[in-house]
Structure formats: C-alpha cells, structure tokens
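A note on names: the letters A, B, ... follow the listed sequences, proteins ahead of strands, and every chain is numbered from 1.
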Number of protein chains: 2
Amino acid sequence: MGSEAGKGGTVAKAADVGPLAANVRYLLRRAQLAVFDELIQALAPLGLRPAQYGVLILLKHAPGLKQTDVAGALGIQRANFVVLFDELERRGLARRDPMPNDRRSYALYLTAAGDEVRERAAKREAALEASLDAKLGPGGRQQLLDLLGRLVAS
Amino acid sequence: MGSEAGKGGTVAKAADVGPLAANVRYLLRRAQLAVFDELIQALAPLGLRPAQYGVLILLKHAPGLKQTDVAGALGIQRANFVVLFDELERRGLARRDPMPNDRRSYALYLTAAGDEVRERAAKREAALEASLDAKLGPGGRQQLLDLLGRLVAS
DNA sequence: TATTGTTATACTCTATAACTATA
DNA sequence: TATAGTTATAGAGTATAACAATA
C-alpha cells in the first residue's frame with residue numbers, strides 16, 4: 001500500500017502505533033472491531049446484525065422475557081430495542097404475546113422461522129469460533145473469557 | 001430494581017444472558033464498552049474524546065506524520081480525520097505544517113499546549129490503568145495483551 | 001494516473017426526553 | 001407514583017463518493 005511514496009527522506013511509518021500497541025484499551029477496541037466485523041460479514045447474508053442475532057439467542061435460551069429485560073441484558077436502550085424488535089417481528093422471526101398479569105408488557109418469543117434463522121446464524125458463527133480458537137491457541141479462549149469477565153464484572 | 005413486579009410466576013431473569021456469557025465476541029464488546037466508558041468519563045473534563053487523545057499520543061511519539069498516516073494508524077477514515085484534527089488545531093493543541101517535498105500533504109505536530117493536555121490526560125488514564133490491573137490480577141494485563149494481539153494480528 | 005486533503009452525505013449506534021396506558 | 005412500551009430527536013462514529021491541488 002504505497003509506503004515508499006515520494007522520493008524524499010520520509011519513510012512513512014504507516015501502521016506504527018507506538019505506545020498504543022501496549023495499551024489495553026486500544027487493543028481491546030481493535031480486537032473487538034476486528035472480531036465483530038467478521039461476524040457482521042458472516043451474518044449479512046441472513047439479513048441479521050449482531051444485536052438482532054443476540055436477541056434470537058437470548059429468546060431461544062429464555063423465552064417469554066419482556067422487552068425491558070431483553071434490552072437490559074444486551075445493553076440496549078429500551079427505546080432503541082423497540083425498533084430493532086419491530087423488524088424481527090415484521091420479518092416473522094419473533095413475536096410479541098400479551099402478558100396475562102400485566103397488560104403493559106409483552107412476552108417475547110422466537111417463531112419457528114426465527115429459530116431456523118438463529119440456527120443458520122449459529123452455524124456460521126461456529127465457523128468463526130474455530131478460526132478464533134486457532135488464533136488464540138490452546139486454552140486461550142478460556143483465559144480470554146476469564147480476563148474479559150473480570151473487566152465486565154467491575 | 002423491581003424484579004418482583006406483579007404477583008404472577010414471572011421471576012424476571014433480568015441480567016441472565018445465558019449462552020452469551022461464554023461468548024468471546026459478546027464479552028469482548030461488553031468489556032470494551034465498559035473500559036472505554038471509563039476513559040470517556042476521565043477525559044471529558046479535558047474536552048478530549050478517546051480518538052483525539054489517540055492522536056495526541058501518536059503525534060507525541062511520531063511527530064511530523066501526515067494525515068493519511070495518523071488516520072490509518074488509528075483506524076479512522078481520512079475524511080473523518082479532517083474534522084477531528086480541525087478541532088484539535090482550532091483549540092491550539094496541534095498544528096499542520098507544510099511539507100517541504102510534497103505540497104499536497106501536511107506534517108502534523110503537537111503544540112506545547114497540546115503536549116500539556118496530553119500529559120494531563122495520561123495521568124488520568126494512569127489512574128484507570130491501576131484499577132484495570134487490580135481487576136485483571138497479577139500477570140493479567142500481559143496475558144490479555146498477548147491474547148488480544150493475536151486477535152488483531154490476523 | 002494516483003495520492004492528499006477536503007466536502008458532503010448517509011447510515012448505524014447510542015442516548016435522552018416526553019408521551020400513553022397500565023400498574 | 002412508578003413502570004412498560006413507544007415516539008421523536010439528537011449526537012457520535014463510521015463509510016463512501018466526488019472534487020481540487022499536486023505528484
């Protein structure tokens with residue numbers, strides 16, 4: 001990519017991030033972006049973005065949650081979750097059912113179609129996980145999960 | 001936070017993310033957001049956002065880089081970098097100098113004021129790093145840097 | 001022709017305030 | 001009064017295309 005442009009003395013240290021290379025925060029961001037971009041590309045053919053995929057996974061594991069719970073668990077604002085879920089519902093991948101005890105809220109469920117899409121997405125994700133593990137080496141995944149868990153716990 | 005709303009059987013599993021809790025990508029995002037939010041709060045009193053702080057760090061370490069290089073090193077689009085740097089220049093924290101060999105590009109430098117602000121930001125960041133290390137435990141930082149580095153490398 | 005800086009634009013994600021209907 | 005869902009809106013961050021000056 002044209003590192004030696006021109007003819008002067010400027011050597012153009014293109015990708016040298018210097019002190020940032022040893023910065024946890026910086027590497028965390030770079031790693032997150034890299035890994036997320038892979039997932040975005042993998043899910044794109046299914047018309048799913050990572051956040052929507054997260055909803056499908058969560059509803060598979062814990063059906064009947066209400067919007068506030070799902071949004072909270074995924075770190076999404078209630079207000080933004082509405083639109084996100086509207087699209088899943090419009091596409092017939094999930095549905096809002098009335099709650100018997102509280103007419104303010106909905107119980108959220110995957111549809112059969114939604115579970116199919118989730119399953120296909122999971123297969124695509126699994127392929128990426130394998131490549132992740134290859135990069136991380138033996139035991140690397142568990143180590144990373146531990147360390148990240150400590151950061152999230154706060 | 002009102003987990004026992006209503007009187008029915010719904011126990012409201014508020015923060016149970018189930019399978020996502022063991023997902024590298026999900027934890028990576030959550031950790032990155034948590035850690036970045038700390039930095040955003042710490043830098044806010046200085047009127048700096050993380051990306052701007054990154055520019056100051058980079059220019060301190062490698063003065064005289066041109067816009068394309070700095071943007072590329074930080075993973076920012078050339079077009080977006082222009083506006084970002086405009087603000088640093090407007091505030092007198094950095095400057096564009098003409099390049100002798102190439103009249104298309106600028107050599108970017110920190111000003112004295114910019115270096116002062118960078119220094120103050122670095123001190124605030126250092127405080128956060130200490131708290132990070134406490135969470136990560138002995139050797140945790142280096143382990144994490146290694147693992148993240150492998151994810152970014154590819 | 002290719003590259004640098006630049007403008008304009010658009011799209012996603014995120015955050016907040018305010019409304020409604022229920023509780 | 002408090003909560004669930006909703007709407008509208010605004011702000012970041014990011015991505016792309018196109019242009020002028022220069023190489």
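B/Gln67 has a side-chain polar atom (N or O) that falls below the 4.0 Å cut-off from OP1 or OP2 of C/dT6. Close to C/dA23, at under 4.0 Å from its OP1 or OP2, lies a side-chain N or O of A/Arg103. In terms of phosphate contacts, A/Thr68 brings a side-chain nitrogen or oxygen within less than 4.0 Å of OP1 or OP2 of D/dG5.
To the nearest angstrom, P of C/dG5 lies 8 Å from CE of B/Met99. Distance A/Arg30 CZ to D/dG13 P: 15 Å, rounded to the nearest Å. If you take CD1 of B/Ile40 and P of C/dA15, they are 9 Å apart, rounded to a whole angstrom. Rounded to whole angstrom, the span from the NZ atom of A/Lys66 across to the P atom of D/dA2 amounts to 16 Å. Rounded to whole Å, the distance from CG on A/Asp102 to C1' on C/dA21 is 11 Å. Look at CD on A/Gln41: it is 14 Å from P on C/dT12, rounded to the nearest Å. Atom CG in B/Asn101 sits about 15 Å away from atom C1' in C/dT4, given to the nearest Å. For the pair B/Gln32 CD and C/dC13 P, the interatomic distance rounds to 15 Å; values are reported in whole Å.
Annotation: side chain of B/Gln67 is in contact with side chain of B/Arg96 (closest heavy-atom distance under 4.5 Å).
With sequence neighbours left out, A/Gln41 forms a side chain to side chain donor-acceptor pair (under 3.5 Å) with no residue at all. For B/Tyr53, the side chain to side chain donor-acceptor pair (under 3.5 Å) criterion is met by B/Glu125, not counting sequence neighbours. Residues forming a side chain to side chain donor-acceptor pair (under 3.5 Å) with A/Arg95 (at least two apart in sequence, or on another chain): A/Asp97.
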Are any protein N/O atoms closer than 3.5 Å to N/O atoms in nucleotides 14-17 of chain D? If there are, list each pair with its distance.
unit_1	atom_1	unit_2	atom_2	d
D/dT14	OP1	A/Arg29	NH2	3.0
D/dA15	OP2	B/Gln77	NE2	3.4
D/dA15	N7	B/Asn80	ND2	2.9
D/dA15	N6	B/Asn80	OD1	2.7

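Taking only side-chain atoms of B/Arg104, from C-beta outward, the nucleotide of D/dA4, D/dA23, C/dT6 with the closest atom is D/dA23. Side chain of A/Arg49, nearest nucleotide from C/dT6, C/dT12, D/dT22: C/dT12.
In this structure, A/Arg124 does not pair ionically with A/Glu38, as no charged nitrogen and carboxylate oxygen lie closer than 4.0 Å.
Near DNA chain C, meaning a heavy atom under 4.0 Å away, there are no residues from residues 83-97 of chain A.
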Side-chain donor/acceptor pairs under 3.5 Å, residues 72-81 of chain B, sequence neighbours excluded:
none

Please list, one pair per line, the donor and acceptor atoms closer than 3.5 Å that link side chains of residues 58-65 of chain B to other protein atoms, with sequence neighbours excluded.
unit_1	atom_1	unit_2	atom_2	d
B/Lys60	NZ	B/Asp115	OD1	3.3
B/Lys60	NZ	B/Asp115	OD2	3.2

Can you give each donor-acceptor pair under 3.5 Å made by side-chain atoms of residues 137-149 of chain A, sequence neighbours left out, with the distance rounded to 0.1 Å?
unit_1	atom_1	unit_2	atom_2	d
A/Arg141	NE	A/Asp133	OD1	2.8
A/Arg141	NE	A/Asp133	OD2	3.4
A/Arg141	NH1	A/Glu129	OE1	3.0
A/Arg141	NH2	A/Glu129	OE1	2.6
A/Arg141	NH2	A/Asp133	OD1	3.1
A/Arg141	NH2	A/Asp133	OD2	3.3
A/Gln142	NE2	A/Asp146	OD1	3.2

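Within the nucleic acid shown, A/Phe81 has no heavy atom closer than 4.0 Å to any nucleic acid atom.
Pairs of residues two or more places apart, or lying in two chains, never qualify as ring-ring contact (aromatic ring centres under 6.0 Å, His included) while including a residue from residues 123-154 of chain A.
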